[in-house]
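Below is one structure, written out as structure tokens, with a few remarks after it.
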Amino acid sequence: MNQAADNTTTARVQSLRAQLQAASYAYYVLDAPDLPDEVYDRLYRELQDLEAAHPELVTPDSPTQRVGEKPATQFTSVRHNIPLYSLENAFDLAEFRAWEERWRRQAPDAGEVEYVAELKIDGNALALTYENGLLVRGVTRGDGIAGEDITPNVRTIRSIPLRLNTDNPPPVVEVRGEAFLPLDVFEQINVERAERGEALFANPRNAAAGTLRQLDSRIVAARKLDFFAYTVYSGAGNWESEGEREEDPKSKTQNLKSPTSQWEALEFLKSLGFRVNPNRQLCQSADDVQAYYDNWATRRLQLSYLTDGVVVKLNDFALQQQLGFTQKFPRWAVALKYPAEEVPTILEAVSFQVGRTGAVTPVAELRPVQLAGTTVARATLHNADRLAELDIHQGDTVIVRKAGEIIPEVVRVLAELRSDDAVKAAMPTCCPQCNSALVKPDDEAVTRCINISCPAIVQGAIIHWARRDALDIEGLGEKWVKQLVEQGLVHSVADLYSLTEEDLAPLDRMGKRLAEKLLGAIAASKTRPWASVLYALGIRHVGAVNAKTLAQHFPSAAALAAASPHEVETVHSIGPEIAQAVSQWFQVPANQTLIDRLRQSGLQLAADEDQTQAAEAGALVGKTFVLTGTLPTLTRPEATELIEAAGGKVTSSVSKATDYLVAGEKAGSKLVKAEGLGIAVLSEADLLALIGQD
Ligand code: IVH
């Protein structure tokens, strides 16, 4: 079998790869398929077979390398070379004109200028790094300063080239743009989530963000994310200093001279093989921009993806440079937003939802209506105060709004269309789930059920418990939780750990095989660390980050329970409100019983001493590592985890402060830099030996 490939095989693999790359580009970037699906599949399979027989022929840019790898355990944080700025918003044309006046005051000699108007894609910004033409890194925006390295996921996005389309690429190119989920894919994902009883994504942007942060890139590969590029920094362009540019004649690409304007940059991106939004326009004046904005106000609703405005950029890079940036925004660009969409529909009923904290939320059940590209059948009415303010009646015609990030809401009621006998909607006095009296403190907007055995609260608590970032119980979705609670099998999260196959198998559509699987996932959650358990308990104000901080300072539930609010508050970033909530929680007898039961079931209610000690006394304490290239067996997150577990630190760029560079195959500029600085370069085997895991 696995013999060295002969020349014919090598040539065939190369030709297959080129054909498939061209077909994929035509399909995903140009939107103009030129190869029937069956032919593509046949060629793809042939390439796959040849690569399986001759693994030495696999290249990182092969179309077969887009399918995702095995799940990562975490993402590493990477500092952006250049921050990802956000954009100043203008909410109408007057604000846009005011923005123009402002930048003109800064550049009074600018005279007539060109603007580039682009659609503002409602997705998630990504920064992609190409070294010597090859995609080496994809990072989320994060807070703009540092994001998460999600390279395996980015590689699954078909419209992102794995290799730049140029024979002579600059050594480093960074491309930025927006990753998004097309509307039909978004709706399909939500249909599937509803079937599995999982919470729905509020909008395509959240769904795209959730997808991009999936640890299992095979799931990402199945989700069909797409990408429009809008910024490029290259050695040959607007990134490095003039001096560096001139020293490196190679950095001039053959197909295009360095862009000197945004319009050219977009053409440049196209020539490199990226998908660039076709609906852009070079505008000669603010009036042109206004016409573009008006034109796309309705046309954008016909697109297969969501947009929430127009991004207007000064075209000339020299002028951009002259204007520069404020703390947060470029002065040379502005986001001219469209108002949130509003549509009328009929209120069919008001229902009341009880959340895991007992908060009762009134929800409008609507006659389904199309809004901002999705079908809306429910909208929040927020709380009792809002309900009273709206004075809403059954059968009312209501105006529903969906603004980018928010779930739909009822903004207005058309009272003039109401019939005389319409019944006014009011908050219930008893819990719609358990019938116990509801409470509404005068100074709070929230109406609450305070019966901790209320099935809605128990259900909510269990769903929170099973979340991926909490105890990560795979498969324990809303559908099962509902049945478990309704059938009286589970009254608190502690009951999950005494469930048996006999309990589960008879549940509707469960069966023996699924029951076994679910029990396995429940048992596996016992190994989740103390910080995750603390978060999973659902104490008010204790989110995942606060839980981690608290678990670091209080190494066990007992230590945290024994701490006074004052002691809790001394922890950096923990405020009095959180400290109070934690102390109060541990004083409730039912919660103390819960902790005891969880301890008896074997959950981690204390930090794993071995782990803490290993990190504190680890072989790598005080050492800083950088990873580069592909390691033979470890993924980057795995290597990072090993280093951190031994007390070391992993950073993203090589500097004098770096102690070791761990280099794998195809190590690029970092290796050169490390060697230049005389930094020790380790192989994976060296690293494992250093940790004592060889
Ligand atoms: S330019 C410094 N162009 O909007 C320049 N951004 O609200 C910043 N966005 O973070 C970006 N479409 O994620 C630019 N055509 C476009 C865009 C766009 C969507 C996003 C981007 C940015 C956010 C700012």
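The figures that follow rest on heavy atoms only: side chains count, while hydrogens, waters and symmetry mates do not. Read the numbers this way: they start at 1 and go in the same order the structure lists the ligands and their atoms.
Some N or O of Leu119 is nearer than 3.5 Å to an N or O of ligand 1, by distance alone. Remark: ligand 1 and Glu178 share an N or O pair separated by less than 3.5 Å (distance only, no angle test). For Asn124, no nitrogen or oxygen atom sits less than 3.5 Å from a nitrogen or oxygen atom of ligand 1, counting backbone and side chain alike. For a threshold of 3.5 Å applied to N or O pairs, the pair formed by Trp332 and ligand 1 contains no separation below that value. At least one N or O atom of Lys313, backbone or side chain, sits closer than 3.5 Å to an N or O atom of ligand 1. The N/O atoms of Val311, backbone and side chain alike, include none that comes under 3.5 Å of an N/O atom in ligand 1.
The pair Glu409-Arg378 does not meet the salt-bridge criterion, since no charged nitrogen lies less than 4.0 angstrom from a carboxylate oxygen. Using a 4.0 Å cut-off between charged side-chain N and carboxylate O, Arg299 and Asp294 make no salt bridge. Of the charged side-chain nitrogens involved, at least one lies within less than 4.0 Å of a carboxylate oxygen, so that Glu174 and Arg176 count as a salt-bridged pair.
Summary of contacts: the protein heavy atom closest to atom 5 (C) of ligand 1 is Leu87 CD2, 4.0 Å.
Near Ala125, meaning under 4.0 Å from any of its heavy atoms, are these atoms of ligand 1: 13 (O). Close approach of ligand 1 to Glu118 is summarised as follows: ligand atoms under 4.0 Å from at least one heavy atom of the residue are 3 (N), 15 (N), 16 (C).
Within a 6.0 Å sphere centred on CZ of Arg79, other residues, nucleotides and ligands contribute 12 heavy atoms or fewer. In the displayed structure, Arg97 atom CZ is contacted under 6.0 Å by more than 12 heavy atoms of other residues, nucleotides or ligands.
Residues forming a salt bridge (charged side-chain N to carboxylate O under 4.0 Å, His left out) with Lys270 (at least two apart in sequence, or on another chain): none.
In this structure, Ala335 does not count as a contact residue of ligand 1, since none of its heavy atoms falls inside 4.0 Å of the ligand.
In this structure, Arg331 forms no cation-pi arrangement with Trp99, as its terminal cationic atom is not both closer than 6.0 Å to the ring centre and no more than 45° off the ring axis.
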